[in-house]
Amino acid sequence: MSVSERTDEPIRSNPPAGTGTGTVRISAGPRGKRRRGTARVRRIGFWLSVGWIGLELLAAATAAFLPLAEGRNPSSTLDAPILASPSPLSAHPLGTDRQGLDILSGVIYGARTSLTVGFGAVLMGVAIGGLLGLLAGYYRGKIDVALNFLNDSLLAFPPLILLLALSSVVQPNLRNVTVALGVLAVPTFFRLARANTMTFSQRNFVLAARALGARSSRILLRELVPNVLASTVAYAFVVVAVLIVAESSLSFLGLSIQRPEPTWGNMIAAGQTDLEKYPHLVFVPGVVLFLTVLSLNQIGDWAQRRWDPRGRKL
């Protein structure tokens with residue numbers, strides 16, 4: 001058979017003495033180029049997302065020291081222009097609302113609220129749900145049955161009904177909203193930690209630790225927690241994005257933090273009456289909310305590919 005008839009075989013040559021195989025590797029072709037291009041795009045998207053979230057965190061943390069116009073107290077805006085259009089070189093770069101409150105200041109203080117609620121609720125969900133899921137997945141038996149029953153009971157309540165009930169009982173301030181959304185995050189992290197614990201507890205390194213006589217507390221802390229926590233943290237960024245949207249939805253409906261304290265949701269709600277003439281009242285907080293959720297999802301996708309063993313196959 002001639003060479004032209006079998007062009008799909010690898011090209012081989014006689015290897016020099018003392019060397020290995022003589023196979024000459026050729027380029028992977030268009031498929032390899034597509035993979036490298038996809039990886040490059042993902043990398044760029046990841047770093048842009050990190051930059052955006054980092055900028056928001058920095059602005060929210062230093063909001064009190066920034067030269068911002070008044071965005072929270074309407075009594076201090078008596079001489080401020082009402083419904084001013086965005087002007088980058090003015091004292092109100094993103095304009096003002098019907099009360100004369102600065103949109104840029106409101107967006108930055110709204111970022112403080114949204115990020116605090118999102119990350120605080122996820123930390124609560126990871127701490128409680130992750131711990132209970134770890135215990136249920138490791139000990140199994142009656143402990144697993146009891147904790148699963150509690151988790152299923154919490155899932156039986158529709159989230160919106162549960163939030164409405166909580167808002168009617170407690171005052172909708174930053175702490176209470178964070179706790180309420182944290183309660184909703186517990187079942188998610190319980191199931192995630194339980195499933196990962198049941199998987200890792202059958203791995204060789206855990207079986208070897210048991211065979212060597214390691215105590216359950218050591219196996220949980222030294223062997224299981226680092227592995228379960230990695231995949232849990234990878235998924236946590238996506239949950240933060242979901243909870244930020246949930247808080248903004250509650251604010252839009254008037255069930256979360258109330259005006260004049262700005263949140264992205266209540267800023268959108270306050271500006272919808274003037275949407276046709278002054279679209280920036282809704283457009284600015286809406287775009288900031290969109291970019292924040294998109295960035296958190298991008299970071300979550302990267303973390304899952306990096307830390308979650310199942311995500312590495314995607």
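No hydrogens, no waters, no symmetry mates; every other heavy atom, side chains included, goes into these values. All values derive from a computational prediction rather than experimental measurement.
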Between [atom1] on residue [X] and [atom2] on residue [Y], distance to nearest 0.5 Å:
X: Asp274; Y: Asp97; atom1: CG; atom2: CG; value: 9.0 Å
X: Met267; Y: Leu289; atom1: CE; atom2: CG; value: 11.5 Å
X: Leu155; Y: Leu150; atom1: CG; atom2: CG; value: 11.0 Å
X: Thr77; Y: Leu101; atom1: OG1; atom2: CG; value: 5.0 Å
X: Leu207; Y: Glu223; atom1: CG; atom2: CD; value: 11.0 Å
X: Arg305; Y: Asp301; atom1: CZ; atom2: CG; value: 6.0 Å

If we ignore hydrogens and angles and just use 3.5 Å, is the side chain of [X] paired with the main-chain N or O of [Y] as donor and acceptor?
X: Thr199; Y: Ala195; value: yes
X: Thr96; Y: Pro81; value: yes
X: Gln258; Y: Gly254; value: yes
X: Asn196; Y: Leu192; value: yes
X: Trp264; Y: Gly286; value: no

Any donor-acceptor N or O pair under 3.5 Å, side chains [X], [Y]:
X: Ser76; Y: Asn73; answer: yes
X: Asn148; Y: Asn151; answer: no
X: Glu247; Y: Ser256; answer: yes

Heavy-atom closest pair, residues [X] and [Y]:
X: Tyr138; Y: Ser216; result: OH-OG, 3.4 Å
X: Val183; Y: Leu154; result: O-CD2, 3.6 Å
X: Arg72; Y: Pro262; result: CG-CD, 3.4 Å
X: Leu134; Y: Leu224; result: CD1-CB, 4.3 Å
X: Ala241; Y: Asn297; result: CB-ND2, 3.9 Å
X: Ser251; Y: Asn266; result: CB-N, 3.5 Å

Is there a path of hydrophobic side-chain contacts, each under 4.5 Å between heavy atoms of I, L, V, M, F, W or Y residues, that connects Leu296 with Val242?
no
If the plane angle is over 60° it's perpendicular, under 30° parallel, otherwise tilted; pick one for Phe237 and Phe119.
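Ring orientation, 0 to 90° scale: perpendicular.
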Please determine whether the number of non-hydrogen atoms from other residues, nucleotides or ligands lying under 6.0 Å from atom [atom1] of [X] exceeds 12.
X: Arg98; atom1: CZ; result: no
X: Arg222; atom1: CZ; result: no
X: Phe205; atom1: CZ; result: yes
X: Arg259; atom1: CZ; result: yes
X: Phe283; atom1: CZ; result: no
X: Tyr235; atom1: OH; result: no

Residues Glu56, Thr292; criterion side-chain hydrogen bond (donor to acceptor under 3.5 Å, both in side chains); working and verdict
CA-CA 9 Å; Glu56 280 192 332; Thr292 302; 2.6 Å; yes
Could you check Tyr139 against Thr197 for side-chain contact (heavy atoms from CB on, under 4.5 Å), going step by step and ending with a plain yes or no?
CA-CA 10 Å; Tyr139 288 107; Thr197 302; over 6 Å; no
